[in-house]
Amino acid sequence: MKLYNTLTNKTETFKPIDKDTVNMYICGPTVYNYIHIGNARPVIFFDVVRRFFEYKGYTVNFVSNFTDVDDKIITKAIEDETDEMTIANKFIEAFYKDAERVGSSTKYLAPRVTEYMSSIISYIEKLVEADYAYEVDGNVFFRVAKISDYGILSGRKVDDLMEGARVEVNTKKENPLDFTLWKTTEVGVTYPSPWGEGRPGWHTECVAMIQDIFGGKIDIHGGGIGLIFPHHENEIAQNRAFAQHHIANYWMHNGQLTIDDKKMSKSEGRVVLVKDLDYDYMGFRLFTLSTHYRSPVEYTDETLKHHVTEWEKIKRTYSQTFYQLDLADYLDTRTHPDNKLKQILNRFVAAMEQDFNTPNAITELQNLVKYTNQKLRQRDTLPDLRAALEVFDTFFKILGLNPEVRRLTQTDRAIYMAWTDARKNKEFDKADRLREKLLERGIL
RNA sequence: GGUCCCGUAGCCAAGUGGCUAAGGCAAUGGACUGCAACUCCGUGAUCACCGGUUCGAAUCCGGUCGGGACCUCCA
């Protein structure tokens, strides 16, 4: 298994800390709004990462947080004349709904900042004690200058950052690059701390949660490419101070989803919410997986439609195969794949092992579709079709695609038989009526 | 101003030093078919441009043009 590590800028062989186990943490959303389709990309991609590791036999401990204490949430609560918790709960629920819509599992540990406040505070306390952080008037800042390799993840040099730093409004900081760990505030919900009432900064929650949940270093830390700097860089800095290591062995980042070649922007009207997508969600999932995760993916109606059509084609072949086998009472028979099928499966897995090359994996899915369609046109191919169906199931499970096919009922079978007979007897009017019924039932 | 990424056929998209540059969509020719749909077979690119390194480059280096990201909350 090879994967690209942002920390080293290299594609490396994956070696878990504990054999057979993958501990991974993905930065989750700040819950102040519905997620847009760009937010869905990591939700889909890292779900596939987990699914593939599970396919490989690993036990995957998957954690992804919700940031439910944040200025945006407070702003939204004031706007809506309600409280922060209500806003957070509403959008967490909406997030789960959207994640399920795009085919991602929601069965994982999802810690919330409000639940980890004491862990976050004690993490900051330790940084202060170790002199890596300092308090000024109830605010706590991280002392970036004490981290010798600051910039290691994002490939930046402290000097360059200093040059780029704009006029610093917060004159309380020793250094413009220092970031906030805790801040005093008069607006919105606050929590008691050794430095007075206030709220945690954004960068500490993830490291504190990882420390609390996993008890130290994890295998994979992931998120969108936009998080590399400053968020993940700052996580690393804090953890270097806290535990003298980089928190995770592998850092994975997905590229952005763009519209008109630019990232989504609410203020410029370039945003599409997941809940508002007017297309099949499996088609959307296929669309996001059709480009390598580290490349940007450009969203257009045309491209999405293309993948919706592609998904329909895949689903059609799958369901036809399923029904043919069901009609022949062959679904519960076990058969072995022939060499061609084995090759398709092997290539699929090899593509996934090459830094999750889902585009190439999908090419194998298409090869499987072609293979199966060829078999469907030939006689006496039930064993091959049964084996192909199993490969389909494997691919779907890894990619998180669901063709939603069910076993035929007695009524379904009766209609199907009648249709076949009518065609045989050249009763075409009758056959067409029966075909309509089968189409309605989703069987043809 | 600083740092960095990208530019492959009409469209989507692999490939990052070496067989005739994967695959899909669209288009087009053919086959199958009671009709339609579906499906199957065939047909297309020298890789933005210029120069260099090399026996050999889409793949490495330099430059030009074009697009984008980050440096401030942002997946």
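In the text below, chain A, chain B and the rest are named by the order of the sequence lines, each starting its count at 1.
In terms of polar N and O atoms assigned as donor or acceptor, the side chain of A/Arg294 never comes within less than 3.5 Å of the base of B/C6 in a complementary pairing.
Ion pairing between A/Arg51 and A/Asp47 holds under the 4.0 Å rule for side-chain N and carboxylate O. At a threshold of 4.0 Å, the pair A/Arg441-A/Asp412 counts as salt-bridged, since one of the basic side-chain nitrogens sits closer than that to a carboxylate oxygen. With respect to the salt-bridge test (charged N to carboxylate O, under 4.0 angstrom), the residues A/Asp384 and A/Lys340 do not qualify.
Distances shorter than 4.0 Å separate some side-chain N or O of A/Lys370 from OP1 or OP2 on B/G24. Between A/Arg316 and B/U39 there is a side-chain polar atom (N or O) within less than 4.0 angstrom of OP1 or OP2. Taking side-chain N and O atoms only, A/Asn367 has no distance below 4.0 Å to OP1 or OP2 of B/G24. OP1 and OP2 of B/A14 both lie 4.0 Å or more from every side-chain N or O belonging to A/Asn360. Residue A/Lys375 has no polar side-chain atom (N or O) positioned under 4.0 Å from OP1 or OP2 of B/C40. Contact between the side-chain N/O atoms of A/Gln354 and the OP1/OP2 oxygens of B/G15 is not found at any separation under 4.0 Å. Note on A/Lys262: a side-chain N or O is less than 4.0 Å away from OP1 or OP2 of B/G68.
Contact annotation for A/Asp261: backbone-only contact, meaning every heavy-atom pair under 4.0 Å involves sugar-phosphate atoms and none involves a base.
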